[in-house]
Amino acid sequence: MAFWLIKSEPLAYSWSEMIKDRRAPWDGVRNYQASNNMRSMKCGDYAFFYHSNKGMEIVGIVKVVKEYYPDHTDTSGRFGMVDFQKVKSVKNPVSLKSIKANPALSNIALVRQSRLSVMPIRDREWEIILEMADTQL
DNA sequence: GCCAACGTTGGC
DNA sequence: GCCAACGTTGGC
């Protein structure tokens, strides 16, 4: 099983909307690296749900429930998407600030590649962040 | 609101 | 195939 992190601007699609919808297709990604990361996702993989711009913190956990398929909102046919299902809110949201302050997380893509919206998370990083979030899967 | 980082586009 | 111009993301 693999772990990921997905970003969403709360003004565009917030965690509270994700909770309400329970399940959401992750359309609208128009970046090859992000799209390729989604292509690698398997059903059952987990992802942190991160609020970019406003909030700048990990607020929840989702899991992949449908693997990569074409993004119908992309008329060029180049990009795909997966479907996520809400798993749970984290007990303590983990801020970008606290992630940056943790030396064990200094290689995380969230820090190194700030514009990437879908990224892999290493097993160890996943565990550390879960601990910071005071949350268990 | 600014700007750094980075991706894309299009002229040559 | 290079690179200037331009657009977008997202932290600050």
Side-chain angles (χ1 to χ4, degrees):
Chain A
M1 186 206 298
F3 299 111
W4 309 90
L5 182 147
I6 58 174
K7 287 182 183 175
S8 189
E9 289 193 51
L11 289 173
Y13 190 74
S14 68
W15 178 241
S16 60
E17 287 173 271
M18 182 81 216
I19 290 174
K20 180 162 56 69
D21 294 343
R22 220 177 56 83
R23 176 180 171 141
W26 214 245
D27 57 19
V29 172
R30 296 293 181 270
N31 172 280
Y32 285 111
Q33 203 179 344
S35 197
N36 284 336
N37 284 334
M38 286 198 290
R39 195 194 300 274
S40 303
M41 291 180 182
K42 298 292 177 201
C43 278
D45 283 359
Y46 288 98
F48 287 126
F49 190 107
Y50 173 84
H51 273 162
S52 61
N53 265 319
K54 283 273 162 54
M56 293 192 286
E57 59 188 8
I58 290 167
V59 288
I61 298 169
V62 295
K63 70 176 175 185
V64 178
V65 289
K66 182 172 180 179
E67 292 177 9
Y68 197 79
Y69 62 107
D71 180 343
H72 59 85
T73 68
D74 172 30
T75 50
S76 75
R78 287 182 280 193
F79 299 101
M81 60 186 183
V82 300
D83 287 3
F84 290 112
Q85 189 174 80
K86 171 226 164 192
V87 175
K88 59 164 65 172
S89 299
V90 297
K91 192 170 167 193
N92 295 331
V94 179
S95 68
L96 178 65
K97 196 175 170 185
S98 63
I99 288 170
K100 284 188 166 176
N102 189 331
L105 299 175
S106 60
N107 282 320
I108 200 172
L110 189 66
V111 175
R112 316 240 5 196
Q113 258 180 293
S114 65
R115 294 195 343 166
L116 187 61
S117 61
V118 180
M119 65 192 76
I121 297 286
R122 295 178 190 86
D123 293 6
R124 183 76 191 116
E125 294 166 342
W126 179 268
E127 284 171 23
I128 291 169
I129 293 169
L130 269 189
E131 243 175 71
M132 291 165 77
D134 194 15
T135 298
Q136 281 151 17
L137 262 183

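Naming: A, B, ... by sequence-line order, numbering from 1 per chain.
- Across the protein-nucleic acid pair, A:Asn31 atom CG and B:dA5 atom C1' stand 13 Å apart, rounded to whole Å.
- Counting non-hydrogen atoms of neighbouring residues, nucleotides and ligands closer than 6.0 angstrom, the CD atom of A:Glu131 reaches no more than 12 such neighbours.
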Distance-only donor-acceptor hits, side chain of residues 112-123 of chain A, under 3.5 Å, sequence neighbours excluded:
from: A:Arg112; atom 1: NH1; to: A:Asn107; atom 2: OD1; distance (Å): 2.6
from: A:Gln113; atom 1: NE2; to: A:Gln33; atom 2: OE1; distance (Å): 3.0
from: A:Arg122; atom 1: NH1; to: A:Glu125; atom 2: OE2; distance (Å): 2.5

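- A:Lys88 places a side-chain N or O within donor-acceptor distance of the main-chain N or O of A:Gln136, the cut-off being under 3.5 Å.
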Protein heavy-atom contacts under 4.0 Å, written 5' to 3' over nucleotides 7-12 of chain C as B (base), S (sugar-phosphate only) or - (none), form the string BBBBBS

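- The two atoms that bring A:Ile6 and A:Val62 nearest to each other are CD1-CG2, 4.0 Å, heavy atoms only.
- Residues that satisfy the salt bridge (Lys or Arg N to Asp or Glu O under 4.0 Å) test with A:Asp83, not counting sequence neighbours, are A:Arg23.
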